[in-house]
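Values below: every heavy atom of this structure, side chains too, minus hydrogens, waters and symmetry copies.
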Amino acid sequence: MHDEFLCHVTAYGTCGGQRIGVPLGSYRAPTLALALWWLRDRASWIAERLDPQPEISRIPPSALVPVAHSVPDVPAVLRAWCGDAAQQELVAEELAAGRLIRIATSDDTTEYELLAESVDALRMQRTIPALVVSVG
């Protein structure tokens with residue numbers, strides 16, 4: 001069982017023709033449960049900022065505009081992921097096994113990525129000697 005996890009959230013877009021990543025947060029979770037909680041919290045946080053509830057928020061009139069039906073609904077995807085018990089269990093199993101997990105979704109301008117990995121798995125990778133092969 002892996003005991004500590006690094007979690008990251010990043011938004012990627014294009015600026016000046018280059019792909020740019022903007023960190024939206026990182027967390028070193030001391031337990032698997034806290035890593036999962038943080039990932040769900042960040043997914044909900046992104047969804048709320050992209051698609052706030054107008055009746056709850058103090059948003060100026062006309063500040064929100066609808067998008068075309070062809071644009072993927074990132075907030076709905078993130079909210080669905082947060083509420084999907086089977087997906088949460090799958091993520092927990094992968095993290096507990098020491099594997100990197102990546103949850104990503106995008107709309108027409110931005111990709112949102114949630115990553116988590118075991119600190120123990122990272123340490124083990126560093127201790128494995130590099131494979132050196134002579135060529136020629």
Side-chain angles (χ1 to χ4, degrees):
M1 177 67 170
H2 297 268
D3 295 331
E4 197 173 15
F5 303 89
L6 293 177
C7 306
H8 308 281
V9 178
T10 307
Y12 295 95
T14 303
C15 182
Q18 291 190 328
R19 183 172 161 91
I20 303 295
V22 177
L24 300 178
S26 293
Y27 177 56
R28 190 170 181 138
T31 66
L32 177 59
L34 284 173
L36 293 170
W37 171 83
W38 190 83
L39 291 170
R40 284 191 306 270
D41 181 69
R42 294 295 85 195
S44 296
W45 179 83
I46 292 168
E48 183 59 29
R49 269 119 198 104
L50 294 175
D51 186 19
Q53 304 300 319
E55 63 277 358
I56 298 172
S57 303
R58 294 184 181 156
I59 299 172
S62 303
L64 299 177
V65 295
V67 297
H69 291 295
S70 60
V71 175
D73 190 349
V74 168
V77 169
L78 293 173
R79 287 180 177 121
W81 178 79
C82 288
D84 187 334
Q87 284 292 315
Q88 299 302 311
E89 185 64 30
L90 178 63
V91 168
E93 289 171 6
E94 292 294 308
L95 284 173
R99 289 187 277 283
L100 169 76
I101 61 103
R102 179 179 184 262
I103 298 106
T105 185
S106 60
D107 56 25
D108 57 345
T109 63
T110 309
E111 178 184 35
Y112 301 91
E113 175 185 75
L114 295 94
L115 288 176
E117 59 191 325
S118 163
V119 172
D120 294 334
L122 289 170
R123 287 180 184 142
M124 286 187 280
Q125 289 172 1
R126 287 189 199 123
T127 62
I128 297 171
L131 175 63
V132 178
V133 179
S134 296
V135 179

Is it true that Val9 and Val22 fall in one hydrophobic cluster, defined by side-chain heavy atoms closer than 4.5 Å? yes
Of all heavy-atom pairs linking Ser44 and Cys82, the shortest is OG-SG, 3.6 Å
Determine whether Leu50 and Trp45 fall in the same hydrophobic cluster, where Ile, Leu, Val, Met, Phe, Trp and Tyr are linked whenever their side-chain heavy atoms lie under 4.5 Å apart. yes
Under 4.5 Å between any side-chain heavy atoms of Gln87 and Ile103, yes or no? no
Once rounded to the nearest 0.5 Å, what's the spacing between atom CG of Asp3 and atom OG1 of Thr31? 9.5 Å
Do Gln88 side-chain atoms and Trp81 backbone N/O form a donor-acceptor pair below 3.5 Å? yes
Are Tyr112 and Val77 packed together at the side-chain level, in the sense that at least one heavy-atom pair is separated by less than 4.5 angstrom? no
Atom CG in Leu36, atom CD in Glu89: separation rounded to 0.5 Å? 9.0 Å
Determine which pairs satisfy ring-ring contact (aromatic ring centres under 6.0 Å, His included) with at least one residue from residues 11-43, sequence neighbours left out, and list them in order. Tyr27-Trp38
Nearest atoms (heavy-atom pairs only) where Ala96 meets Leu32: CB-CD2, 4.2 Å
CG of Leu115 to CD1 of Ile101, rounded to nearest 0.5 Å, is 7.0 Å
Minimum heavy-atom distance Cys15-Ile20, with the two atoms named: CB-CG1, 3.8 Å
Exercise: identify the closest heavy-atom pair between Ala11 and Thr110: CB-CG2, 3.9 Å
Can you measure from CD (Glu94) to OG (Ser118) and round to the nearest 0.5 angstrom? 12.5 Å
Do the non-hydrogen side-chain atoms of Phe5 and Leu39 ever get within less than 4.5 Å of each other? no
For a quick test of reading the model, state the closest non-hydrogen atom pair linking Leu34 to Pro30 and the distance between them. CD1-CG, 3.6 Å
Rounded to the nearest 0.5 Å, how far apart are CG of Asp51 and CD1 of Ile46? 13.5 Å
Checking Arg42 against Leu24 for the side chain to side chain contact (heavy atoms under 4.5 Å, CB included) test, could you report, in this order, the C-alpha distance in whole Å, the side-chain angles of both residues, the deciding distance, and whether it holds? CA-CA 9 Å; Arg42 294 295 85 195; Leu24 300 178; over 6 Å; no
Roughly how far, to the nearest 0.5 Å, is the CD atom of Glu4 from the CD atom of Glu117? 12.0 Å
So if you build clusters from Ile, Leu, Val, Met, Phe, Trp, Tyr with side-chain heavy-atom gaps below 4.5 Å, do Leu114 and Leu90 land together? no
Quick one: list whatever passes side-chain hydrogen bond (donor to acceptor under 3.5 Å, both in side chains) with Arg102, sequence neighbours left out. Glu111, Glu113
